[in-house]
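One structure is given below, encoded as structure tokens.
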Amino acid sequence: MTFAEYVRENWITIVNDTILHVDVTLAAVAIAVVIGVGLGMLTYRRSTLAALATTTTGAFLTIPSVALLGVLIAPFGLGVLPVLVALVVYALLPITRNTIVGLQEVDPAVVEAGRGMGLSRTRVLWDLRLPLAWPVIFAGVRVSTQIIIGIAAIGAWVKGPGLGNQIFNGLGRFGGANSLNQVLTGTFGIVVLALLFDLALAGVARFTTSRGLRA
């Protein structure tokens, strides 16, 4: 069976795997944005805390994905939950780091002007710093998304959802009928998803960034 024939005959399974891959990626990114941006907002004013936040989240990326998923089986079992937790952990560094850098690099003159207008520190953060830092923060979101789309495929090792099941099923019976087609389907599908996600996020970034800050 050719690759095209395999896709045509198994398109329902492939579409379902793709939808589940998208779902777990979106959920992980959403949670990581809340945690990462919140962590950055809490630590950007103090260099020691900021360094601790980036070092800690960076340390997570040094853990091999298979090892982390294996550790997460004990508290969370098999399925979606360990995969989701692992993806959130891996997504934190770019978002947290970019939030801290973006907030720290806001022009001090703009901050002083806001304070001169009577804005509180909280209002300065929400009304001035965060909108001005948003392009930098969102760049971190895009990087995180690209990272975890690929890592999500490893989630099939712990019975997680997504296109990784195509890859692992094919590798598990490599040399058998359609095993290569399964591996290629999962691999190409993830590449296409990564490109589509990046294009979509580029549009979201443009839509959510103030017109005066757009390149």
Side-chain angles (χ1 to χ4, degrees), residues 3 6-7 10-11 13-37 54 56-73 76-99 136-174 178-205:
F3 176 71
Y6 174 80
V7 172
N10 296 275
W11 68 272
T13 300
I14 295 169
V15 169
N16 287 337
D17 285 340
T18 301
I19 292 172
L20 292 174
H21 205 105
V22 170
D23 287 346
V24 74
T25 299
L26 288 175
V29 170
I31 296 171
V33 167
V34 173
I35 297 174
V37 173
T54 54
T56 302
T57 54
F60 293 144
L61 282 176
T62 66
I63 305 173
S65 54
V66 172
L68 179 59
L69 287 168
V71 170
L72 292 174
I73 290 175
F76 300 116
L78 299 173
V80 176
L81 194 53
V83 177
L84 182 60
V85 173
L87 294 183
V88 170
V89 165
Y90 284 124
L92 284 177
L93 175 61
I95 298 172
T96 303
R97 182 182 57 195
N98 279 34
T99 300
V136 178
I137 296 171
F138 207 85
V141 175
R142 292 177 67 178
V143 171
S144 290
T145 303
Q146 295 300 301
I147 291 173
I148 66 173
I149 284 177
I151 295 177
I154 310 299
W157 184 67
V158 293
K159 306 300 182 182
L163 289 166
N165 287 291
Q166 293 285 329
I167 297 174
F168 273 77
N169 290 340
L171 291 176
R173 45 188 294 278
F174 201 72
N178 295 315
S179 60
L180 180 59
N181 288 331
Q182 286 183 300
V183 174
L184 291 176
T185 298
T187 303
F188 290 156
I190 290 170
V191 171
V192 171
L193 274 185
L195 293 174
L196 292 176
F197 259 98
D198 199 50
L199 288 173
L201 289 175
V204 173

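The figures that follow rest on heavy atoms only: side chains count, while hydrogens, waters and symmetry mates do not. This chain uses plain numbering: 1 for the first residue, then up along the sequence.
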Work out which heavy atom in [X] is nearest to a heavy atom in [Y]; give both atom names and the distance.
X      : Y      : value
Leu20  : Gly162 : CB-N, 4.0 Å
Val24  : Ala152 : CG1-CB, 4.4 Å
Ile149 : His21  : O-NE2, 2.9 Å
Phe3   : Leu184 : CE1-CB, 3.8 Å
Ala32  : Ala91  : CB-CB, 3.6 Å
Ala153 : Ile167 : CB-CD1, 4.5 Å

Is the backbone of Gly160 close enough, under 3.5 Å, to the side chain of Asn165 for a donor and an acceptor to pair up by distance?
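It does hold such a pair.
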
Report yes or no: does Thr57 contribute a side-chain atom to a donor-acceptor pair with the main-chain N or O of Thr54 at less than 3.5 Å?
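At least one qualifying donor-acceptor pair exists.
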
Supply the atom-to-atom distance [X] [atom1] to [Y] [atom2], rounded to the nearest 0.5 angstrom.
X      : Y      : atom1 : atom2 : value
Ile151 : Ser65  : CD1   : OG    : 6.0 Å
Leu193 : Gln146 : CG    : CD    : 10.0 Å
Lys159 : Ile73  : NZ    : CD1   : 10.0 Å
Thr25  : Ile147 : OG1   : CD1   : 12.5 Å
Phe138 : Thr99  : CZ    : OG1   : 12.0 Å
Ile190 : Gln166 : CD1   : CD    : 10.0 Å

Pairs where residues 178-201 contributes a residue and the test side-chain hydrogen bond (donor to acceptor under 3.5 Å, both in side chains) is met, not counting sequence neighbours
Arg142-Asp198, Arg173-Gln182, Asn178-Asn181

Flag the pair [X] / [Y] as yes when at least one side-chain heavy-atom distance between them is below 4.5 Å, and no otherwise.
X      : Y      : result
Thr56  : Thr96  : no
Leu68  : Tyr90  : yes
Phe197 : Ile148 : no

Walk me through it: do Tyr6 and Leu180 pass the test side chain to side chain contact (heavy atoms under 4.5 Å, CB included)?
CA-CA 10 Å; Tyr6 174 80; Leu180 180 59; over 6 Å; no

Under 3.5 Å, sequence neighbours excluded: what are the donor-acceptor pairs made by side chains of residues 79-88?
none

With a 6.0 Å cut-off (strictly less than), is the heavy-atom count around CZ of Phe188, excluding the residue itself, greater than 12?
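Atom CZ in Phe188 is not crowded, with 12 or fewer foreign heavy atoms closer than 6.0 Å.
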
